[in-house]
Amino acid sequence: MTAFRLTRAVTLTADEAWSRVTDWRSHAAQVPLTRLSSVSGVPTGEGTLFVVRSGVGRVGFDDPMEVVRWVPPDGGGTARCRLEKRGRVITGWAEIEVESQGAGAVVVWTEELRIRPLPRVLDPLVVRVGRVVFGRALDGLLRGHGH
């Protein structure tokens, strides 16, 4: 199985943390050789579709995703976003949760990632690489503009 979970406690408010971790253009900017190539449905909500392009020049692949759950912060509960990955190369899902905790917030990112060309025997490697890549991306998103 290729599921992993990342948790970060931050001094940001839940609203600010949510805003940062659901900024799809910033997501792509945090991952090397990746950019947001299209997005539909702004502001984001259920049904928003976006495509992240990974690669160099003409060599690469598209990673289309759809927001299938969108529950922004409401002042007390847990905010939740679920993305379904619908690509030919990468499939799976990601869930992002943000909950107020004291003066700050806790962000939990859970990812189930499958890279189709790779045999299942490499799933443990996919998890290790995923933790590093998505962990750095999450840290970068939460740092934002000088934080």
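As the structure is a computational prediction, the values presented were derived from the model and not from experiment.
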Do Val127 and Ile115 share a hydrophobic cluster, counting only Ile, Leu, Val, Met, Phe, Trp and Tyr and linking them when any side-chain heavy atoms are less than 4.5 Å apart?
yes
Arg136 side, atom CZ; Arg143 side, atom CZ - distance, nearest 0.5 Å
10.5 Å
Steps toward salt bridge (charged side-chain N to carboxylate O under 4.0 Å, His left out) verdict (Arg86, Glu66)
CA-CA 8 Å; Arg86 308 221 188 264; Glu66 179 180 0; 3.0 Å; yes
Same cluster or not: are Val106 and Phe4 linked, directly or through other Ile, Leu, Val, Met, Phe, Trp or Tyr residues, by side-chain heavy atoms under 4.5 angstrom apart?
no
Show your working on salt bridge (charged side-chain N to carboxylate O under 4.0 Å, His left out) between Asp63 and Arg53 and close with a plain yes or no.
CA-CA 6 Å; Asp63 184 9; Arg53 176 86 181 154; over 6 Å; no
If you define the side chain from C-beta out and look only at heavy atoms, does anything of Leu118 sit under 4.5 Å from Val126?
yes
Main chain of Val21, side chain of His27: is a donor-acceptor contact present, judged purely on distance under 3.5 Å?
yes
Taking every heavy atom of Thr7 against every heavy atom of Arg5, the minimum-distance pair comes out as OG1-CG, 4.1 Å
Is there a side-chain contact between Val52 and Asp62, using heavy atoms and a 4.5 Å cut-off?
no
Side chain to side chain, Pro72 and Trp18, heavy atoms closer than 4.5 Å
yes
Could you pull out every donor-acceptor pair under 3.5 Å between side chains of residues 93-104 and any protein atom, sequence neighbours left out?
unit_1	atom_1	unit_2	atom_2	d
Glu95	OE2	Arg82	NH1	2.5
Glu97	OE2	Arg80	NE	3.1

Can you get from Val31 to Leu83 by hopping between Ile, Leu, Val, Met, Phe, Trp and Tyr side chains that sit under 4.5 Å apart?
no
Heavy-atom closest pair (Arg20 atom, Leu141 atom, distance to 0.1 Å) is CD-O, 3.2 Å
Could you check whether any side-chain heavy atom of Ser54 comes within less than 4.5 Å of a side-chain heavy atom of Phe61, counting everything from C-beta outward?
yes
Between Arg8 and Asp139, does any side-chain N to carboxylate O distance fall below 4.0 Å?
yes
Can you find a pair of side-chain heavy atoms, one from Thr48 and one from Val39, that are under 4.5 Å apart?
yes
Keeping the roles fixed (side chain from Ser19, backbone from Ala17), state whether a donor-acceptor pair exists under 3.5 Å.
no
Under 4.5 Å between side-chain heavy atoms, counting indirect links through other Ile/Leu/Val/Met/Phe/Trp/Tyr residues: same cluster for Met65 and Val71 or not?
no
For Asp23 and Ser26, the nearest pair of non-hydrogen atoms, with its separation, is OD2-OG, 2.9 Å
So, Glu112 versus Thr2: side-chain donor-acceptor pair below 3.5 Å or not?
yes
Treat each ILVMFWY residue as a node, draw an edge where side-chain heavy atoms are under 4.5 Å apart, and state whether Leu142 and Val133 are in one component.
no
For the residue pair Arg114 / Thr91, report whether a side-chain donor-acceptor contact shorter than 3.5 Å exists.
no
Would you name the heavy atoms of Trp70 and Gly45 that are closest together and state the gap between them?
CG-CA, 3.7 Å
Residue among Ile90, Leu122, Val89 satisfying side chain to side chain contact (heavy atoms under 4.5 Å, CB included) with Pro117
Val89
Could you verify whether a donor N or O on one side chain and an acceptor N or O on the other, from Thr44 and Trp24, lie under 3.5 Å apart?
yes
